[in-house]
Structures are given as C-alpha cells and as structure tokens.
K.L.:
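Here's a structure for you.
Side chains are part of it too, since the values below use all heavy atoms of this structure and drop only hydrogens, waters and symmetry mates. Sequence positions, counted from 1, serve as the residue numbers for this chain.
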Amino acid sequence: SGEYDRGVRGTYLIHGITGSGKTEVYMELIAHVLAQGRQVIVLIPEISLTWQTVMRFYRRFGDRVSVINSRLSAGERYDQYERARTGNIDIMIGPRSALFAPFEHLGLIIIDEEHENAYKSELSPRYHAREVALERAGMNGASLVLGSATPSLESYTRALKGEYKLFTLKQRAKADSALAKAEIVDLRRELQEGNKSIFSRRLQELMEDRLQKGQQIMLFINRRGYANFVSCRSCGEAMRCPHCDVTLTLHRNGQMMCHYCGYTVPQPKTCPSCGSPYIAPFGTGTQKIEEMTRQMFPAARVLRMDLDTTSKKGGHQEILSSFARGEADILIGTQMIVKGHDFPRVTLVGALAADLSLYAPDYRCGEQTFALLTQAAGRAGRAGEEGAMVIQTYQPDHYAVVTASGQDYNAFYEQEMAFRRLLGYPPAVGLLIVQLSSADEALLEAGAERLAGQIRAMCGEGVSGAPEPPVQFIGPVNATVYKVNDIYRKILYIKHENYDILIQIRKNSEEFIKAAEELKNISAQYDLT
C-alpha cells in the first residue's frame with residue numbers, strides 16, 4: 001500500500017501457504033484502494049470457490065460488492081455490468097469474464113489461485129486472464145496482485161527475475177492451525193499384499209478414527225462419471241464416440257456419454273466390434289467411490305460433489321453449505337472440492353488416485369499434480385485439530401508427489417524447472433502452438449504440411465532480420481483428441497527462447513493462411529506460452 005500511495009503501479013505475486021490468510025491480505029488492499037475512490041476486480045477460478053470467499057467479501061464491504069458467474073443468464077450478467085458502469089458497486093468478483101467489468105476508475109485487479117487452468121479461455125476469443133489483466137492494469141493505472149499457494153512456474157519465474165514483486169507468507173493465519181501431515185501409500189504394495197479395495201489399509205484406519213471422533217473427511221479423485229470407459233475383454237475395443245476421438249463415459253443410469261459433444265447411447269450388452277458378451281466398465285469415478293464408501297462405512301453420512309450433482313443452479317452452494325453445517329461426515333468429489341474451501345471440522349483428506357493427472361499428455365502434468373495435492377492437503381487441520389492426508393499412488397517416488405506431501409514448493413520448482421530446461425518447455429523457452437482444423441481430413445493433411453513447410457522456409461531465411469535462429473519444430477501432428485464433433489485437428493509446435501521471433505512467426509503464418517487459396521477452408525488458432 002506504501003507503493004500504491006506513492007503512485008507506483010506494479011505487479012505483485014503473493015506466495016502464501018494454504019491457510020496463510022491470503023484473502024485477508026486481499027481485503028486490506030481492497031479497503032486501501034476503495035478509500036482512494038478507485039474500484040476493484042477480484043478473479044476467482046471456479047464457481048465452487050464463490051460460496052465462502054464471496055460471503056467474506058459481503059461481510060466486509062456490504063452491498064458495494066457484485067458477483068458474476070457462469071450460471072447467470074445473459075440478462076442477470078447485463079444487470080451486474082450495468083451496476084458497475086453506473087457506479088453502484090466498487091468490487092466485482094467472478095471468473096475470468098469479470099475482468100471486463102466496465103469500471104471507470106479501476107485501481108486494483110486481484111487474481112486468486114493464479115495457477116488455475118480456468119483462467120485460460122480455449123474458446124474464441126482465446127486469452128489468458130493473467131495476460132489480459134496485465135494489459136488492463138497498465139491501461140487503467142491499476143496494480144495487479146496474483147496470489148497462490150502453488151504459483152504457476154511462469155509467474156514464479158517472472159517474480160525471481162524481478163518482473164513481479166514477490167511476497168511470501170510462510171505461516172498459517174490461525175495460531176492453532178498447522179499444515180496437515182501427509183503420508184504416501186504405495187498402491188502396488190497394497191495389491192501385492194491382498195488389498196483390492198480402493199481404500200488403502202492406512203486410509204481405512206484413519207477414516208474409522210475420524211468418524212469415531214465426529215470429525216469430517218474429504219475424499220477426492222480427479223475424474224467424474226461412474227466408470228471411465230467400457231471395453232471388450234475379448235477383442236480389447238473400447239466404446240468410442242462416433243463424432244469425437246474419445247471413449248464414452250459410463251454413468252449410473254446405464255447411459256454412455258461423450259463429455260466433448262454430448263453424444264449419448266445405452267451401454268451395450270455385447271461388443272459392437274466382435275459380438276462378445278464380455279464387455280464391461282473399467283476405471284473408477286465419483287459415483288462408484290460413493291457406493292464403495294457407503295458399503296464400507298454404512299453409518300457415515302456421505303455427500304458427493306461433481307459436475308453431475310452440481311448441474312442445477314446453486315448446486316455448489318447447497319452441497320458446500322450442507323457439509324459446512326456438519327450434515328455429512330464424508331464429502332466425495334472431483335478436484336472442485338479441494339480448492340479454496342475452509343471447513344474447520346475436516347481433519348482428514350484422502351487422495352484416492354493421486355497420480356491420475358501424471359498420465360495426462362501435457363508437459364504441465366507434474367505441475368498440475370503438485371498443485372492439486374498441495375491444495376488438497378491444505379483443507380485439513382485448519383482449526384485446532386491436527387490434520388492428516390493420505391496420498392494413494394502408483395508412483396510414490398515421483399518428485400511431484402514427494403514434494404507435495406511435504407508442501408515444499410521451492411523443492412518442486414527446482415526439480416520441475418530442471419525438467420523444463422532439459423526438454424525445452426515453457427517457461428524455459430517460448431512455445432507457439434498452431435492448431436489447424438477442418439471437416440475435410442485430406443485437405444487438413446495437405447494444408448498443415450504446406451503451412452509447416454512455409455514456416456520452416458521462413459525461419460531458414462531468418463525472422464525479421466535476425467540471424468538464423470535455432471527454431472525447433474514438432475509436427476504437424478494429430479491433436480490429442482484428433483476429432484471433435486466431426487472436425488479434424490492437427491497441431492504444429494514451434495519453440496524458441498526469443499518470444500519476439502515467435503510473435504513474428506505467428507504474424508507471418510496468419511498472413512500466409514489468408515493469402516493461400518488452398519487453406520481457405522482451414523481455420524487456425526494460436527497459443528503462445
């Protein structure tokens with residue numbers, strides 16, 4: 001606030017451990033900015049975070065606060081933007097779209113949990129809220145504050161370089177609150193020793209202890225649906241969506257659904273490929289975990305929270321409020337249950353399949369796993385009672401799992417950055433992703449090769465007068481999900497340490513695609529990291 005009073009408008013990164021009081025810091029900063037007649041935008045990553053966070057802001061700032069979320073109708077959203085435009089409110093809270101609130105006297109933008117993927121818009125217009133917030137703060141003479149217990153590697157690297165100012169909160173705000181003690185359980189050993197349950201023996205033991213003491217438990221898995229996919233034990237074929245290149249997810253009602261386009265079909269009795277009756281579901285989803293929990297702990301009151309149970313308006317708030325009031329002993333859910341919530345009676349968190357996100361086809365999978373496990377551990381032991389976490393994994397020695405169990409961000413950062421430097425991934429180098437898509441597969445194939453050849457030729461001659469740069473190319477290759485809604489997608493990856501060169505490549509690519517007649521039915525999207 002001292003810098004703010006002197007007219008300095010900077011970008012600040014608050015790295016605070018879970019429960020360190022980042023929200024209190026935000027509210028003090030907001031009060032300081034409001035006192036000067038300026039306005040504030042607060043971004044939060046998901047609708048599931050609004051319930052507790054927003055109530056704290058309402059209690060502090062009253063009806064000068066407005067909230068938007070993805071569940072609002074167009075009319076309701078318009079009303080909130082009008083309140084901002086006419087000066088009836090001073091604080092706008094919401095997901096990334098809240099960034100465009102029409103405040104005339106914007107003085108501060110806060111992005112909470114800045115590492116979250118939800119801040120990146122994959123729909124047109126494609127943008128990252130962090131980059132847009134930097135621009136808007138500069139245009140409005142406002143400061144930008146980023147906060148996280150597990151900062152993105154991009155933000156932390158910028159802070160270490162001095163581009164952002166770094167503040168660290170190493171203690172929990174409540175005097176009687178301590179970080180949960182985490183234990184790693186090797187699921188391979190559990191199976192070898194005869195335990196075929198999804199609950200390790202250690203987790204069962206701790207759950208029984210907490211239930212006897214009348215304390216609360218959270219169990220999470222980063223998947224939804226009753227089971228992952230249905231496949232044939234005879235020929236090995238999995239049930240796939242005819243419009244998208246993904247497997248169908250089985251739900252309890254016997255319907256199989258594509259989570260990309262919504263295609264739905266009943267679960268077949270025999271394999272559509274070979275006619276075998278040995279077709280069955282694989283994997284575990286939240287619904288199956290709920291069933292198994294009720295079987296193992298019949299006296300416990302169980303709540304489930306995932307995209308299916310929260311689809312109706314207010315669904316998140318209903319479940320979270322019920323759990324906060326102590327109306328359930330065990331809350332089961334996907335990632336949304338472990339992010340940002342404060343439940344004083346929760347003393348045990350179980351990560352049932354902690355390493356599922358390590359198998360994602362994404363160079364950020366280690367970072368995402370570390371963030372998820374650290375956030376999960378932060379839910380336990382926030383008010384007096386000692387908290388515990390059990391991390392069940394098939395990769396107990398992976399550095400993302402080991403450092404998350406100790407909530408040691410700096411150790412994780414060092415190892416992850418070594419990995420990024422070794423393989424040439426951001427933020428060690430810049431990465432330009434060009435995604436080409438078309439309903440005509442042959443046209444896409446030829447067009448992708450033509451564009452790739454053009455960019456390679458251009459880089460061979462040097463970009464914008466620069467000496468020949470060692471630009472790295474990968475592709476064009478099929479996208480992870482090659483076909484979505486009958487549209488085929490190919491990707492070209494281009495790496496270089498100099499972002500200006502990648503920006504120039506992007507500009508030249510756009511011009512080439514516009515001018516080339518054979519590329520007119522191919523759409524291109526760009527992502528620069």
K.L.:
Which atom pair, heavy atoms only, marks the closest approach of Phe473 to Ile455?
P.N.:
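Phe473 and Ile455 have their closest heavy atoms at CE2-CG2, 3.4 Å.
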
K.L.:
Just checking, any donor-acceptor pair under 3.5 angstrom between side chains of Glu113 and Tyr119?
P.N.:
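No pair is found: no donor N or O on one side chain lies under 3.5 Å from an acceptor on the other.
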
K.L.:
Quick one: CD on Gln368 to OH on Tyr363, what's the gap to the nearest 0.5 Å?
P.N.:
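Here the rounded value is 9.5 Å.
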
K.L.:
Can you name the closest pair of heavy atoms from Ala142 and Leu108 and give their distance?
P.N.:
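Smallest interatomic distance, heavy atoms only, reads CB-N, 3.8 Å.
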
K.L.:
Atom CD of Gln255 and atom CE of Met257: how far apart are they, to the nearest 0.5 Å?
P.N.:
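Reported value, rounded in 0.5 Å steps: 9.5 Å.
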
K.L.:
Which value, rounded to the nearest 0.5 Å, describes the distance between Leu187 atom CG and Ile391 atom CD1?
P.N.:
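The CD1 atom of Ile391 is 11.5 Å from CG of Leu187, to the nearest 0.5 Å.
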
K.L.:
Checking Arg126 against Tyr526: charged group under 6.0 Å from the ring centre and within 45 degrees of the axis?
P.N.:
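No, Arg126 and Tyr526 do not form such a contact.
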
K.L.:
Donor-acceptor pair, Arg96 side chain versus Ala118 backbone, under 3.5 Å?
P.N.:
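Confirmed, Arg96 side chain pairs with Ala118 backbone.
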
K.L.:
How are the rings of Tyr127 and Phe100 set to each other: parallel, tilted or perpendicular (split at 30° and 60°)?
P.N.:
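Tyr127 and Phe100: perpendicular rings.
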
K.L.:
Quick one: do the Ser152 and Arg364 side chains pair a donor with an acceptor below 3.5 Å?
P.N.:
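The answer is no; no qualifying pair exists.
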
K.L.:
So, do Tyr156 and Tyr413 have ring centers that fall under 6.0 Å from each other?
P.N.:
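Ring-ring flag for Tyr156/Tyr413: true, centres closer than 6.0 Å.
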
K.L.:
Verify side chain to side chain contact (heavy atoms under 4.5 Å, CB included) between Met305 and Ile332, making sure each step is shown before the conclusion.
P.N.:
CA-CA 6 Å; Met305 182 172 175; Ile332 295 167; over 6 Å; no

K.L.:
Could you tell me whether Glu445 and Lys490 have a side-chain N and a carboxylate O separated by less than 4.0 Å?
P.N.:
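So Glu445 pairs with Lys490 through a salt bridge.
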
K.L.:
Is there a side-chain contact between Val25 and Thr23 (heavy atoms, below 4.5 Å)?
P.N.:
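No - every pair of side-chain heavy atoms lies 4.5 Å or more apart.
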
K.L.:
Assess whether side chain to side chain contact (heavy atoms under 4.5 Å, CB included) is satisfied between Met256 and Cys241, documenting all intermediate values.
P.N.:
CA-CA 9 Å; Met256 304 195 63; Cys241 174; over 6 Å; no

K.L.:
Nearest heavy-atom pair of Leu203 and Gly350: which atoms, and what distance?
P.N.:
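Heavy atoms of Leu203 and Gly350 come nearest at CD1-CA, 4.2 Å.
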
K.L.:
Roughly how far, to the nearest 0.5 Å, is the CG atom of Leu146 from the NZ atom of Lys22?
P.N.:
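With rounding to 0.5 Å, NZ (Lys22) is 12.5 Å from CG (Leu146).
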
K.L.:
Which atom pair, heavy atoms only, marks the closest approach of Gly447 to Leu519?
P.N.:
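Heavy atoms of Gly447 and Leu519 come nearest at CA-CD2, 3.3 Å.
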
K.L.:
Can you tell me how far apart CD (Glu190) and CD (Gln392) are? Round to the nearest 0.5 Å.
P.N.:
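If we round to the nearest 0.5 Å, Glu190:CD and Gln392:CD are 7.0 Å apart.
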
K.L.:
State whether a side-chain donor-acceptor pair under 3.5 Å links Asn508 with Gln504.
P.N.:
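Indeed, the side chains of Asn508 and Gln504 share at least one donor-acceptor pair under 3.5 Å.
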
K.L.:
Do you know the tightest heavy-atom contact between Ile68 and Pro95?
P.N.:
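Taking every non-hydrogen atom into account, O-CD, 3.2 Å.
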
K.L.:
Is there a donor-acceptor contact under 3.5 Å linking the side chains of Ser155 and Glu114?
P.N.:
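Yes - a donor-acceptor pair under 3.5 Å links their side chains.
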
K.L.:
Any ion pair linking Arg489 and Glu441 (charged N to carboxylate O, less than 4.0 Å)?
P.N.:
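Salt bridge between Glu441 and Arg489, a charged N being under 4.0 Å from a carboxylate O: no.
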
K.L.:
Is the positively charged end of Lys507 above the ring of Phe512, judged by distance under 6.0 angstrom from the centroid and angle within 45° of the axis?
P.N.:
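That pair does not qualify as a cation-pi contact.
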
K.L.:
Test your reading of the model: is there a side-chain donor-acceptor pair from Arg136 to the backbone of Leu99, 3.5 Å cut-off?
P.N.:
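The answer is yes, because a donor-acceptor pair under 3.5 Å joins these two groups.
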
K.L.:
Under the criterion side chain to side chain contact (heavy atoms under 4.5 Å, CB included), I'd like the reasoning laid out for Ile522 against Ser437: C-alpha separation, chi angles, the key distance, then a yes or no.
P.N.:
CA-CA 6 Å; Ile522 294 176; Ser437 57; over 6 Å; no

K.L.:
Under 4.0 Å between a side-chain nitrogen and a carboxylate oxygen: does that hold for Glu510 and Arg506?
P.N.:
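Result for this pair is yes, salt bridge flagged.
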
K.L.:
Do Arg158 and Tyr164 have a side chain donor and acceptor closer than 3.5 Å?
P.N.:
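Checked: Arg158/Tyr164 side chains pair up, N/O donor to acceptor below 3.5 Å.
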
K.L.:
Using only heavy-atom distances, determine whether the side chains of Thr150 and Thr374 contain a donor-acceptor pair under 3.5 Å.
P.N.:
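Thr374 and Thr150 do not have a side-chain donor-acceptor pair below 3.5 Å.
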
K.L.:
Distance check, rounded to the nearest 0.5 Å: Arg130 atom CZ versus Ile109 atom CD1?
P.N.:
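Here the rounded value is 13.5 Å.
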
K.L.:
Could you tell me whether the side chain of Asn195 and the main chain of Phe199 form a donor-acceptor pair under 3.5 Å?
P.N.:
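Yes, the answer is positive, given that a donor and an acceptor are paired below the 3.5 Å cut-off.
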
K.L.:
Quick one about Ser231 and Glu237 (side-chain donor to acceptor, distance below 3.5 Å, no hydrogens or angles considered), yes or no?
P.N.:
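There is no such pair (donor and acceptor under 3.5 Å, judged by atom type) between the side chains of Glu237 and Ser231.
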
K.L.:
Say whether Tyr263 and Asn485, considering side chains only, have a donor N or O and an acceptor N or O under 3.5 Å apart.
P.N.:
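Short answer, no.
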
K.L.:
Taking CD in Glu131 as the centre, count heavy atoms belonging to other residues, nucleotides or ligands within less than 6.0 Å. Is the count above 12?
P.N.:
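Enclosed: over 12 neighbouring heavy atoms sit under 6.0 Å from CD of Glu131.
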
K.L.:
Between Tyr409 and His15, does the ring centre distance come in under 6.0 Å?
P.N.:
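Yes; His15 has its ring centre under 6.0 Å from that of Tyr409.
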
K.L.:
Taking all heavy atoms of Val402 and all of Pro396, pick out the closest pair and write down the distance.
P.N.:
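Shortest heavy-atom separation between Val402 and Pro396 comes out as CG2-O, 3.4 Å.
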
K.L.:
Are Tyr493 and Tyr425, when compared by the centres of their aromatic rings, separated by less than 6.0 Å?
P.N.:
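For Tyr493 and Tyr425, the ring centres are not under 6.0 Å apart.
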
K.L.:
Do Tyr488 and Tyr482 make the cut of ring centroids closer than 6.0 angstrom?
P.N.:
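Yes; Tyr482 has its ring centre under 6.0 Å from that of Tyr488.
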
K.L.:
As a quick check of understanding, evaluate side chain to side chain contact (heavy atoms under 4.5 Å, CB included) for Leu431 and Ile494, giving each step before the final call.
P.N.:
CA-CA 6 Å; Leu431 174 64; Ile494 307 165; over 6 Å; no

